[in-house]
Amino acid sequence: MSDHESNYTPKGAFAKWMDDRLPLMRMMHGQFVDFPTPRNLNYMWTFGGILMVMLVAQIASGLVLSMHFQPSAAAAFDSVEAIRRDVNYGWLLRNIHAVGASMFFLAVYLHMARGLYYGSYKAPREILWILGVIIFLLMMATGFMGYALVWGQMSFWGVTVITNLFSAIPIVGEAIRTWLWGDFAVSGVTLNRFFSLHFLLPFVIAGVVILHIWALHVVGQNNPTGIEIKTKSDSVPMLPFAIMKDAFAMAVFMVLYAWFVFFAPDYLGHPDNYIEANPLSTPAHIVPEWYFLPFYAILRAIPNKLGGVLAMFGSIAILTIIPWLDTSNIRSAKYRPMFKWFLWAFFFTVVALGYLGGKPAEGSYVLWARVFTAYYFAFFCLIMPIVGLIETPSKMPRSITDAVLGGGGSMAGAAAAAAAEKR
Amino acid sequence: MASGTKASDTKPDHGIGAAHDEHGPSRRDFITTAALGWASVGGALALWPFIQQMNPDASTQALASTEVDLAPVKEGQAITVLWRGKPVFIRNRSKAEVEAAKAVSISDLSDRSARNDLMPDSAAASDQNRTKKDNENWLVLVGICTHLGCIPKGQGLSDQRGDFGGYFCPCHGSHYDTSGRIRKGPAPRNLEVPPYEFVSATKIKIG
Amino acid sequence: MITSALKTQSLARMALLACGLAVGAASMLAPARASEGGAAIHEEHWTFGGVRGGFDQAQLQRGFQVYKEVCSTCHSVRQLSFRNLVQKGGPAFPEDGVKALAATFKVPDLPNDQGKVLKRPARLSDRIPNPFDNEQQARSANNGALPPDLSLIARARGFEVEKPFYMVPWHMLKDVVLSGGYQEAGADYLYALLMAYGEAPKDMKLGDGMYYNAVYAGHQIGMPAPLADGRVKYTDGTPATTANYARDVTAFLAWAADPKLEERKRLGLLVMFYLAILSMLLYAAKRYIWADVPH
């Protein structure tokens with residue numbers, strides 16, 4: 001954004017008049033039409049746009065569901081059933097929202113994995129990355145409270161377990177827990193405030209998303225080479241190039257989304273949540289929704305209550321400081337032969353923790369959860385700083401254009417690249 | 001996501017985009033237009049469930065009818081019952097009121113349609129068309145002024161009943177006669193007669 | 001162009017390889033799934049499974065008959081109203097018959113002018129009444145056990161397949177895609193449960209008022225075997241066997257838990273068709289736009 005001027009030319013008298021007073025069209029044109037986009041972006045870069053669509057889909061479907069949902073302990077479960085059975089297209093809207101939460105998290109995990117692989121968290125994108133972590137945290141809070149609203153057995157006991165985490169905090173823990181509940185146990189009072197917050201938080205997310213995009217457009221997009229745009233030939237205008245690619249990826253993502261909505265709506269949920277909440281009976285095996293499982297596994301891996309809670313929150317908090325933990329001056333893992341394998345091992349670790357989080361906390365499952373938890377933290381605290389210092393990067397292209405066209409590229413391009421490197 | 005701007009409208013200052021236009025914009029434009037057109041059709045259709053969900057749901061639609069026992073309502077008395085969330089006026093009219101209603105000539109009415117849900121709109125607004133044969137003393141009306149939806153006065157014994165002895169809407173001064181027909185004031189139509197039938201001599205089923 | 005051709009070729013090879021792996025994995029899998037206790041729960045064939053699945057109306061009607069004559073003595077279906085028995089995509093009984101059936105139930109009326117709550121015959125708009133007034137009454141009539149509500153039971157039950165971790169991706173692929181969305185775990189469980197009554201093994205000591213069931217967790221269940229050959233008189237010529245009762249009532253409960261299933265799958269096919277075309281059009285548009293831009 002800093003070195004990109006909108007080439008918007010107002011058409012007609014009104015557009016000119018408006019442009020002199022509120023240059024909204026100029027800004028939109030500059031940011032979303034002729035904004036320079038690296039020409040070598042792969043499909044992993046489409047998840048940002050997909051996430052925007054998912055946020056809108058969740059807000060829209062959530063808004064209409066809130067017209068039928070009744071946030072009280074006595075009526076919540078039955079009102080969800082009324083939505084599934086009696087409300088016109090209620091079954092569809094409910095599936096869109098419930099499956100949408102899963103799709104939202106799927107997309108955000110891929111988006112984060114892309115950021116890790118291509119070093120999108122490194123300078124000058126630290127604030128962009130931290131805003132992303134904040135969005136992720138807000139999403140987790142929203143998803144957790146939304147799941148509670150169904151008021152099934154898993155909802156109720158999930159809320160009980162997670163809110164009890166706060167009681168691990170020394171001295172004030174018990175008071176915080178009671179404050180969260182508004183009662184002496186999880187009850188309809190808790191449900192009602194969760195509904196209120198579940199309605200509010202998506203708009204907070206939308207606000208932080210605007211900051212996230214702002215920060216993105218100040219520093220520009222990263223790309224698979226991790227080399228900044230240096231010359232005009234490194235980039236293409238956002239419209240139609242990037243937008244059309246995003247649109248295609250979105251359509252493919254919609255196929256997956258719709259498949260779950262129409263043919264496997266309950267696959268991602270748990271049967272116990274079709275039993276109404278009962279404070280007197282705990283399900284045999286409490287598991288959170290799949291997108292929380294890696295963190296749930298970390299929680300259970302630590303044999304100490306406060307330790308487990310700290311490890312779980314720490315596993316997310318640590319993401320905010322990785323721009324400074326990573327000592328390498330190469331962005332993309334593509335050119336980091338050693339780090340690349342540690343990173344793939346990290347991705348495997350997260351998936352493995354997800355698997356273990358869904359298993360009972362007993363026997364070898366706990367042992368493996370500890371091993372993977374150890375790697376999770378070691379990756380950030382030891383591997384990131386050390387590997388960056390000791391590894392020799394592989395040969396890199398001089399510019400995006402070189403990477404795309406192969407070989408040396410044009411002399412002019414190389415010279416420009418070299419000049420840009422010095423600056 | 002899909003903005004209305006056509007791909008060919010943008011004239012990027014980037015070398016790549018400019019070179020690209022030689023490819024033949026017509027074919028490219030066609031496929032782009034087709035894709036965007038197809039996407040907009042889907043987007044429009046996807047709105048339907050979001051609109052339709054606000055209509056009454058299946059459980060509401062199932063609550064269609066109400067039965068009312070008329071035995072306690074003596075001549076000259078009236079009761080109000082709730083049907084589909086709306087007040088229904090039921091009046092056991094006196095002989096004089098029935099005669100007054102019958103005596104009105106259709107040509108004196110501003111709304112000449114019976115406004116009886118069981119009859120076509122072309123039915124004349126005679127008292128016979130607004131009551132049941134052999135039960136002409138019973139007047140059953142949806143008690144909502146056809147002007148702006150207030151509840152007219154006239155059910156209570158001490159209520160003001162307007163210049164024509166039927167109902168009077170205090171909101172904007174509409175006067176209805178003893179058959180519930182609009183005679184004076186801003187209301188455009190006669191009070192609606194809901195669908196009902198006598199299931200026994202002293203019981204009606206509305207809806 | 002050459003590189004993209006190569007890419008396509010290698011993609012095709014990878015797809016072939018994936019298919020081969022999938023088939024190999026499938027042949028390794030026994031069709032039975034084991035419940036916690038070890039008794040087998042099989043994936044049954046249901047008319048409502050798969051992308052084009054729908055309910056067999058006659059089966060739902062028989063299933064309701066079994067529910068009404070057997071299960072309804074103890075189990076409620078509180079999410080169902082009489083009107084649901086009439087609606088499309090369900091048992092779709094004739095309206096007059098259901099009205100008459102509803103009228104045999106008495107439900108509390110609104111308070112009358114004297115403030116007394118009298119009972120009136122139920123209507124189509126009323127929920128199917130619970131056999132017990134409250135939980136305490138239900139428990140005392142059932143040896144302390146609470147007969148669960150059955151309106152969502154086919155969604156509220158399921159079972160885990162014992163599988164090594166490396167088989168998890170294959171199971172996900174099979175359950176989500178290849179089976180057309182496997183959502184019948186609850187039905188498979190219910191059918192297996194109803195068919196799993198029998199003599200307890202000699203070394204097992206049953207609790208007081210408990211019955212042996214090979215599928216139920218812990219193998220002791222408070223519900224006596226509800227079905228027996230000939231217990232319900234079918235009028236459409238279907239053999240009156242325990243297996244048929246179990247299948248039919250399971251199908252009915254599957255409908256009760258998901259009454260919009262047919263509408264969902266029908267609309268789903270249209271949406272998938274629409275999205276397939278949209279994806280192809282957008283892919284073509286993207287190809288044209290990027291045709292001269294190496295990336």
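Letters go in sequence order (proteins before strands), and every chain restarts at 1.
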Applying disulfide bond (SG atoms under 2.5 Å apart), run through Cys171(B) and Cys150(B) and close with a yes or a no. CA-CA 7 Å; Cys171(B) 291; Cys150(B) 295; 2.1 Å; yes
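- Counting heavy-atom pairs closer than 4.5 Å to chain A, the top residue among Ala62(B), Gly42(B), Ala58(B), Ala35(B) is Ala58(B).
- Chain B forms the most heavy-atom pairs under 4.5 Å with one residue out of Met52(A), Met244(A), His68(A), and that residue is His68(A).
- Thr225(A) and Asn223(A) are linked by a side-chain donor-acceptor pair at a separation below 3.5 angstrom, with hydrogens and angles left out of the test.
- The aromatic rings of His217(A) and Phe32(A) lie tilted to each other, with the angle between the two planes from 30° to 60°.
- Ranked by heavy-atom pairs under 4.5 Å with chain B, the first of Ala251(A), Gly49(A), Ser61(A) is Ser61(A).
- Within the 4.5 angstrom heavy-atom criterion, no atom of Ala82(A) approaches chain B.
- Using a 4.5 Å heavy-atom cutoff, the side chains of Pro38(A) and Ser235(A) are not in contact.
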